[in-house]
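We use all heavy atoms of the structure for the numbers below, so side chains are in, but hydrogens, waters and symmetry mates are not. All chains are named by letter (A, B, ...) in the order of the sequence lines, taking the proteins before the strands, and each is independently numbered beginning at 1.
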Amino acid sequence: MYQYTDKDQTLINERVDQFRDQTQRFLNGEIADDKYRALRLMNGVYVQTHSPLLRVAGPYGLLSSAQVRKLASIARDYDKNFCHFTTRQNIQFNWPALERIPDMLEELASVQMHAIQTSGNCLRNTTSDQLAGVAKDELEDPRPYCEIIRQWTILHPEFAYLPRKFKIAVSGSAQDRAATHFHDIGLHLVKNDLGEVGFKVLVGGGLGRTPVIGQVIRPFLEKKHLLSYLEAILRVYNIYGRRDNKYRARIKILVREAGLDEVRKKVETEWALIKDQLELNEQSIADMRVQFADPAYADITETDASYTNSLANDSAFNTWVKHNTEEHKISGYRAVYVSLKAPDSPPGDCSDTQLDALADLADTYSFGMIRATHRQNLVLADIKEADLFALWQKLDALKLATPNIGKATDMICCPGLDYCALANAGSIDVAQGINDTLDSMDYIHDLGDLKINISGCQNGCAHQSVGHIGILGVDKKGVEWYQITLGGSSENDATIGERLGPSVSKEDIAPAVKTLLEVYVEQRSNEEEPFLDTFRRVGVTPFKEKVYAAN
Amino acid sequence: MQLIKNKALTQDEWAFVADDAPLNADYNIVSLDRWNQERDSLIKQNNLGLRLESDVIIEDIIEDLSHFSLIELFIPVFTDGRAFTHSRLLRSRYNFSGDIRVNGDFMLDQIIYLNRVGISSFVLNDQDSAEKAIAVMDDFSAFYQESVA
């Protein structure tokens, strides 16, 4: 993985000093609240319901074991012994004291981590595919480009005060696992007719209050022009993006109001003027790719006998392998999902003990690296098949082996009313209610691939509008109600979910989900047809009739 | 007001003149409206400055740039980042070599960015610490992007 140069380290150290000074001046009353707010947000500090929250950047989701151990020690020393993995592959601490945040940042900087631009109206952390570099369906590893983009975005002097936040995702695989259709800019590594690899560029996607699927602004961009094209889009957005209404300020609204053709024309005009100045040379790309070169994989030609044996004789292990591991490009290896969705734990939360143990497991089995996924799980990407059984036993003992990846209880869930000052309604307790309803693992497996996403407000941090079942908390005169959408997807077949009908009360939400799942089982053409396909085939009506008749 | 230029607290003759006020003898900064309306007389002025609001379309004024020895970018509220692009383009694309001044509601903590996009002088209000404003310009020694200062 990428190792900081002296320059990278100097920059984040100086950022710690700068934020320490800003915070001290605020505590001394020398900076007004609204101004310090902008400054702290650009360093990932929110002021939440109970205390400030610190959001740490997980660059394209990739973490070293040393970094994970640091997260564990910070959770112990500054928080309540846990942290939370977010849908943008970032890490949140929910209980720090404001005056100690500069010390946390200093600790993070010691392991090449920071919280720069994890919030605020600026260029945010670039996200990617959690299987980058190991996926079988990958054209090229997207992470070198993510790192190039990361460096370009950090403290960009021209684009630090944008109309609104700006998010970029990069995917290098046939299957989109990075939700690139729902980012301000989505980049896909693709091959053109000449066999050259470059980027398809999407613009104007986003979730939140107004979910929009990104559109192709340029079908093929040569790699060397990556930064100049991004800069052209950002410059057009900085000048022409709306600043009169924060709910109309994302680039998706500019694209909607001006039209894609007009935005493209402006971008291409701007780009023509700068494309030669910001060109990435082949050597700099090659050097960055070396940073993400394959680890020293063993040459495995035969399937390990003990692995085959365990698969045949231990059904719990077999089930876990089936649901929580993924094919690997190297024979004899698999990528392992570490489920942060145990039934009795808030989705995405991880304790200090679990973090420390995971760091050890990564060192023992997976070249010392761990990835965070946008569905709030973790991945140990390079596990020998021969090691899977031992790893499974250890993960199981840590409650990190719930075999539910991509299933009904692998819910994406925002912190909701429990932590978030923006929330209208609880989300963790809704996830808990659904978990209680779905208490049979066999039933969960029978339901197959199912993405349930739960957000506590319209900001949509949990991507409810692209959940197969999306649940959105709304406030009705101080009471928590929930809107349900069906049929959303953030993958290649990007779709925004359709409203089921009127919102349901808190006590009815778990039973409503139960009813939806019963309708699916009843309606599916066979046991292999996934929920999303059934919904697309039969439409919303049968679901609607049952839910509103029953509740 | 306090003026920072070349990392020092300084003073100069430049002053913004309201549209309905008479011009000073020299060193006037005028609005774009006034420039458009009184162009023929203003053109005879020595040392003319132009104030640009953040909603200006910078390309519209480029042909007139040679008439000005100072451009003042006025930031209405610190969250409005358009002046950052305006300054960068004036400096690097349109090769404006005169003083680019920033005025309005910007923060001390934005000065380092403003400096790197080509702003060469800063109008602070009296509450701001000039010493601090100068110090923050050196908050960073490492950068990923080029500077057009």
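- Counting heavy-atom pairs under 4.5 Å between each of L114(B), V136(B), L89(B) and chain A puts L89(B) at the top.
- Two residues are said to be in side-chain contact when any heavy atoms from C-beta on lie closer than 4.5 Å; I57(B) and Y240(A) meet this criterion.
- Across R82(B) and I239(A), no two heavy atoms sit closer than the pair CD-O, 3.7 Å.
- With a threshold of 4.5 angstrom between heavy atoms, R150(A) approaches chain B through side-chain atoms but not through N, CA, C or O.
- To the nearest 0.5 Å, atom CG of residue D34(A) and atom OG1 of residue T79(B) are 9.0 Å apart.
- Contacts from residues 6-21 of chain A to chain B, taken as heavy-atom pairs separated by less than 4.5 Å, involve K7(A), D8(A), T10(A), L11(A), E14(A), R15(A), Q18(A), D21(A) in sequence order.
- Across A83(B), S87(B), S141(B), S54(B), the residue that shares the most heavy-atom pairs under 4.5 angstrom with chain A is S141(B).
- Of the two parts of R88(B), only the side chain, counted from C-beta on, holds a non-hydrogen atom closer than 4.5 Å to a non-hydrogen atom of chain A.
- For Q22(A), the part lying near chain B is the side chain, with the backbone staying farther off; criterion is any non-hydrogen pair under 4.5 Å.
- Within the 4.5 Å cutoff, side-chain heavy atoms of Y113(B) are placed close to those of L155(A).
- In this structure, T153(A) and Q145(B) approach most closely via the heavy-atom pair C-NE2, 4.2 Å.
- Expressed to the nearest 0.5 Å, how far CD of Q277(A) lies from OG of S92(B) amounts to 7.0 Å.
- Counting heavy atoms from C-beta on, the side chains of K35(A) and D109(B) never come closer than 4.5 Å.
- Listed options R93(B), E146(B), H86(B) were ranked by heavy-atom pairs under 4.5 angstrom with chain A; first place goes to R93(B).
- Taking the side chain as every heavy atom from C-beta outward, V77(B) and R243(A) never approach each other to under 4.5 Å.
- For D128(B), no part lies under 4.5 angstrom from a heavy atom of chain A.
- Chain A forms more heavy-atom pairs under 4.5 Å with one residue of F143(B), F84(B), F140(B), F78(B) than with any other, namely F140(B).
- Both the backbone and the side chain of I154(A) come within less than 4.5 Å of a heavy atom in chain B.
- In this structure, no portion of L278(A) lies under 4.5 Å from any heavy atom of chain B.
- Inspection of non-hydrogen atoms places E158(A), F159(A), A160(A), Y161(A), L162(A) of residues 158-167 of chain A under 4.5 Å from chain B.
- Both the backbone and the side chain of N238(A) have a heavy atom closer than 4.5 Å to some heavy atom of chain B.
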